[in-house]
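First up is the structure itself, then whatever we jot down about it.
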Amino acid sequence: MIRTFVAVDLPEESHAKISGIQSKFIGPGVRPVDPSLVHITLKFLGDVGEAQLAEIISALDKVDCPSFDSKISGVGAFPGLKNPRVVWLGADGDYSCLHGQVESLLSGIGFKKETRKFTSHATIARVTYLSGSRRKELISAMESLRNFDVGSMHIDTIKLKKSTLTPEGPIYETLHEVKLL
């Protein structure tokens, strides 16, 4: 089985800014995501058999969306700032075509449609446990970065990625790329 997801990679020039943002709140209870691995997930597929990869690739090759620009800015958290579990960067842009088509095409081959509203974002850290004072520090740092501008990027490719989990963190490998119009 291969753990897979469909994503948009952030450009290399954003890695230093992401690292700088992370330095403002990394500490006990907060695990940063390696800036070179930060991406916008369009759909998490989970474990799939190798035989299913060709079907997934065939479905993704039918994506028919225009390329577009996206602004990466602002730090937020899921489920919210008061109880952060995932710290993210916002991604503004017209992701509706991409997300909608990926969901539709993959549901056509048996993947369950996501019921939660899609929020384009890039995860930059995960929160494990925070003491009261540490929680206040993290919330304060995130609030100060609410409008932080990482930059803009042109989205003209989506990728089917393989994720291998290791004790040192995940290793991502691109299995297939789809160029947008």
Side-chain angles (χ1 to χ4, degrees), residues 1-19 21-22 31-72 76 78 85-127 150-181:
M1 298 297 272
I2 301 170
R3 181 180 167 93
T4 59
F5 61 94
V6 180
V8 172
D9 284 336
L10 266 61
E12 191 173 327
E13 54 268 20
S14 67
H15 298 174
K17 284 187 178 180
I18 292 168
S19 183
I21 292 168
Q22 291 170 327
R31 286 181 316 170
V33 173
D34 179 332
S36 69
L37 300 179
V38 172
H39 61 273
I40 299 162
T41 301
L42 297 171
K43 177 126 183 109
F44 179 73
L45 303 176
D47 291 330
V48 300
E50 283 196 47
Q52 199 175 12
L53 284 178
E55 191 176 26
I56 294 167
I57 288 168
S58 178
L60 290 175
D61 280 342
K62 293 177 184 145
V63 168
D64 185 24
C65 293
S67 61
F68 61 96
D69 291 327
S70 178
K71 181 178 178 185
I72 309 302
F78 292 132
R85 305 303 300 151
V86 171
V87 181
W88 49 258
L89 290 171
D92 292 330
D94 188 8
Y95 288 86
S96 59
C97 179
L98 269 185
H99 179 258
Q101 285 196 22
V102 167
E103 281 286 348
S104 178
L105 291 165
L106 292 175
S107 72
I109 60 169
F111 288 92
K112 187 177 178 183
K113 281 192 176 185
E114 179 61 57
T115 57
R116 293 176 292 188
K117 180 184 181 294
F118 178 71
T119 303
S120 50
H121 70 283
T123 298
I124 59 171
R126 289 185 171 71
V127 179
V150 174
S152 294
M153 59 189 241
H154 187 69
I155 299 183
D156 60 2
T157 306
I158 63 171
K159 297 177 180 180
L160 174 63
K161 302 274 226 172
K162 172 183 177 180
S163 172
T164 304
L165 302 179
T166 74
E168 294 79 36
I171 298 170
Y172 298 153
E173 176 186 341
T174 298
L175 300 175
H176 185 69
E177 288 188 27
V178 176
K179 294 285 186 192
L180 304 179
L181 307 173

Next on the checklist: As a quick check of understanding, evaluate side chain to side chain contact (heavy atoms under 4.5 Å, CB included) for Val48 and Met1, giving each step before the final call.
Outcome noted: CA-CA 5 Å; Val48 300; Met1 298 297 272; 5.6 Å; no
Checklist entry - Is the shortest heavy-atom distance from the side chain of Ser70 to the side chain of Ser120 under 4.5 Å? => result no
Checklist entry - If you measure from CD1 on Ile155 to CZ on Phe68, what distance do you get to the nearest 0.5 Å? => result 4.0 Å
Next on the checklist: Please list all pairs meeting salt bridge (Lys or Arg N to Asp or Glu O under 4.0 Å) that have one or both residues in residues 92-115, counting only residues at least two apart or in different chains.
Outcome noted: Lys43-Glu103, Glu114-Arg116
Next on the checklist: Between Phe78 and Val87, does the side chain to side chain contact (heavy atoms under 4.5 Å, CB included) criterion hold? Intermediate values first, please.
Outcome noted: CA-CA 7 Å; Phe78 292 132; Val87 181; over 6 Å; no
Item to check | Check: Gly169 main-chain N/O paired with Thr166 side-chain donor or acceptor under 3.5 Å | outcome: yes
Checklist entry - Residues in ring-ring contact (aromatic ring centres under 6.0 Å, His included) with Phe118, at least two apart? => result His99
Checklist entry - How many angstroms lie between CD1 in Ile158 and CD in Gln101, if you round to the nearest 0.5 Å? => result 9.0 Å
Item to check | Qualifying residues under side chain to side chain contact (heavy atoms under 4.5 Å, CB included), relative to Pro35, sequence neighbours excluded | outcome: His15, Ile18, Ser19, Gln22
Checklist entry - Which distance, rounded to the nearest 0.5 Å, do you find between the CG of Leu160 and the CG of Leu53? => result 6.5 Å
Checklist entry - With Ser152, which residues qualify under side chain to side chain donor-acceptor pair (under 3.5 Å), at least two apart? => result none
Next on the checklist: Taking the side chain as everything from C-beta on, heavy atoms only, tell me whether Lys159 gets closer than 4.5 Å to Val6.
Outcome noted: no
Next on the checklist: Working note: Asp9 + His39, criterion side chain to side chain donor-acceptor pair (under 3.5 Å); need CA distance, chi angles, decisive distance, verdict.
Outcome noted: CA-CA 5 Å; Asp9 284 336; His39 61 273; 5.4 Å; no
Next on the checklist: Can you list everything that forms a side chain to side chain donor-acceptor pair (under 3.5 Å) with His121? Sequence neighbours excluded, please.
Outcome noted: none
Can I get a per-line list of side-chain donor-acceptor pairs under 3.5 Å for residues 170-181, giving both atom names and the distance, sequence neighbours left out?
from	atom 1	to	atom 2	distance (Å)
Thr174	OG1	Lys161	NZ	3.3
His176	NE2	Asp61	OD1	2.7
Lys179	NZ	Thr157	OG1	3.4

Checklist entry - How far does OG of Ser163 sit from CG of Leu165, to the nearest 0.5 angstrom? => result 4.5 Å
Checklist entry - What pair of heavy atoms forms the shortest contact from Leu42 to Tyr95, and how long is it? => result CD2-CD2, 4.3 Å
Item to check | Any residue meeting salt bridge (charged side-chain N to carboxylate O under 4.0 Å, His left out) with Lys162, in chain and number order, not counting sequence neighbours | outcome: none
Item to check | Pairing residues for Ala59 by the side chain to side chain contact (heavy atoms under 4.5 Å, CB included) criterion, not counting sequence neighbours | outcome: Leu105, Leu106, Ile109
Checklist outcome for this item: In Val150, Ile124, Ile40, the residue satisfying side chain to side chain contact (heavy atoms under 4.5 Å, CB included) with Leu10 is Ile40
Checklist entry - Among all residues two or more places apart in sequence or in another chain, which pass the side chain to side chain donor-acceptor pair (under 3.5 Å) test with Ser14? => result none
Checklist entry - If you look at every heavy atom in Ser104 and Ser107, which pair is closest and at what distance? => result O-OG, 2.9 Å
Checklist entry - Can you list every pair that meets side-chain hydrogen bond (donor to acceptor under 3.5 Å, both in side chains) and has a residue in residues 44-53, with sequence neighbours left out? => result none
Item to check | Spacing of CD belonging to Glu55 relative to CG belonging to Leu60, to within rounding of 0.5 Å | outcome: 11.0 Å
Checklist outcome for this item: Sorted by chain and number, sequence neighbours left out, side chain to side chain contact (heavy atoms under 4.5 Å, CB included) with Asp34 holds for Ser36, Leu37
Checklist outcome for this item: Those residues at least two apart in sequence (or on a different chain) that pass side chain to side chain donor-acceptor pair (under 3.5 Å) with Asp156 are none
